[in-house]
Amino acid sequence: AVVTCADDGTELGGGKVTLRDAVLAMADPAFTNAAGARVITFSLGAVSNVTLNAQLDIASGTKPFAIDGLNGGRGVTISGPSRLVRHDGDGLVLSNLTFRGGNAGAENGGAILVTKSDTTTNRTLTAVNCAFDGNAAQSGGAVAAGAKTHLVFDRCTFFGNTGNDAGAVLAGGSLVLADTSVLSNRSGSAAIFVWGEGVVAKSTLAFNAGTGGALRVASGATCGVSDSLFSFNGMDGDQLCDAQNEGTLKLHGVKMLSGVTGGGSLNKGSHTTIGETAYPLFAEFDNEGFDIYAVSRAKDGVTHRVFLPL
């Protein structure tokens with residue numbers, strides 16, 4: 001399907017095809033383009049902005065498809081006054097798109113909500129070379145995903161998004177963040193909140209405001225971080241990342257910079273008991289890297305910090 005009209009609506013006539021028309025066409029599992037692919041592309045001429053009047057719904061049961069935002073060598077920007085996309089389908093691949101100014105109000109996912117899968121297969125969202133700017137929601141200012149979901153962000157940017165529990169991404173299932181920048185997002189907790197299994201690689205998380213800093217790992221969740229930079233995150237620029245209770249952070253090749261001490265706190269959470277003693281931070285070192293199991297305070301009330309060398 002080729003989008004030829006930047007207006008919103010359906011069946012506008014005159015050969016016009018809107019983004020909403022194209023997404024509705026994808027509900028037909030047999031639909032393909034001339035090349036046999038299930039992909040939406042754009043031919044908008046000099047126009048590069050698509051403004052939605054209401055949320056774009058990808059219906060349950062919709063087979064996997066892609067949206068490629070390249071339009072005459074430029075990426076298309078999708079904006080609107082409400083949440084921009086609700087993804088109830090099987091799989092969605094986004095590329096070369098900017099999602100700007102979506103607002104879910106008291107709900108989750110300002111730009112995109114990926115709902116919990118109702119089958120045995122995880123519902124997937126993959127974004128490549130996409131930007132999420134200035135979106136807002138209760139949780140997951142840019143993107144929120146329920147359980148049984150799989151998120152992949154490759155070469156993406158999250159900038160200036162706002163959410164109570166996750167300024168940029170709330171990941172209820174699994175998350176992969178690769179070669180991605182997470183910058184200047186605001187939250188009551190952290191920019192990225194992982195509730196399942198997370199992987200962060202070759203990414204930069206900086207200037208994010210929240211009590212958990214750039215990255216928070218929920219109790220019982222795990223997240224591995226490698227070859228990445230954490231810089232000036234947290235309410236005071238000094239709280240970089242955080243694991244709740246028995247949440248596990250595994251760090252390797254990570255650089256941390258802070259505006260207050262030159263280092264950075266790795267964690268604030270409740271007590272975790274290791275053996276018979278409650279530690280604010282328990283670390284294991286080996287040739288493979290640096291494993292962190294972290295909480296905020298020991299029984300003596302002392303807050304401990306770990307500073308990684310640059």
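The analysis underlying the following values was restricted to heavy atoms, covering all of them including side chains, and did not include hydrogens, waters or symmetry mates.
The shortest distance between side-chain heavy atoms of T126 and D154 does not fall below 4.5 Å. D57 is listed as a side-chain neighbour of Q55, based on a closest heavy-atom distance under 4.5 Å. Side chains of L125 and T149 form no contact here, defined as non-hydrogen atoms less than 4.5 Å apart. Looking at F42 and V50, their side chains come closer than 4.5 Å, going by heavy atoms from C-beta outward. Inter-residue side-chain proximity for V194 and V200 is flagged as unmet; no heavy-atom pair is nearer than 4.5 Å. Under the 4.5 Å side-chain criterion, counting only non-hydrogen atoms from C-beta, L113 is not in contact with E107.
Considering V217, I192, L177, V199 in turn, V217 is the only one that fulfils the side-chain contact (heavy atoms from CB on, under 4.5 Å) rule with C223.
Checked by atom type, the side-chain pair S174/H150 shows a donor-acceptor distance below 3.5 Å. Side chains of T115 and D88: a donor on one and an acceptor on the other come within 3.5 Å.
For F31, the CZ atom is densely surrounded, since the number of other residues' heavy atoms within 6.0 Å is greater than 12. Summarising the local packing, CD of Q138 is surrounded by more than 12 heavy atoms from other residues, nucleotides or ligands at distances under 6.0 Å.
No path of Ile, Leu, Val, Met, Phe, Trp and Tyr side chains, each step under 4.5 Å between heavy atoms, connects F65 with V2, placing them in separate hydrophobic clusters. Placement of V17 and L52 in two distinct hydrophobic clusters is found when ILVMFWY residues are connected by side-chain heavy-atom separations under 4.5 Å, directly or transitively. At a threshold of 4.5 Å between side-chain heavy atoms, the hydrophobic network of Ile, Leu, Val, Met, Phe, Trp and Tyr places L24 and L56 in two separate groups.
Judged purely by atom type and a 3.5 angstrom limit, N161 uses its side chain to pair as donor or acceptor with the backbone of N135. Of the possible polar contacts, one joining the N108 side chain to the S139 backbone as a donor-acceptor pair under 3.5 Å is found. Between the side chain of R83 and the backbone N or O of G109 there is at least one donor-acceptor pair closer than 3.5 Å. Side-chain atoms of T204 never come within 3.5 Å of backbone atoms of S181 as a donor-acceptor pair (strictly under, hydrogens ignored).
For A178 against T180, the heavy-atom pair with the smallest separation is O-OG1, 2.9 Å. Taking each heavy atom of A127 and C156 in turn, the nearest pair found is O-SG, 3.3 Å. For S228 against A201, the heavy-atom pair with the smallest separation is OG-C, 3.7 Å.
Note on ring orientation: taking the six-membered ring where Trp is involved, the planes of F132 and F158 are parallel (angle under 30°, cut-offs 30° and 60°).
Classification of R100 and D133 as a salt-bridged pair holds, one side-chain N sitting under 4.0 Å from a carboxylate O.
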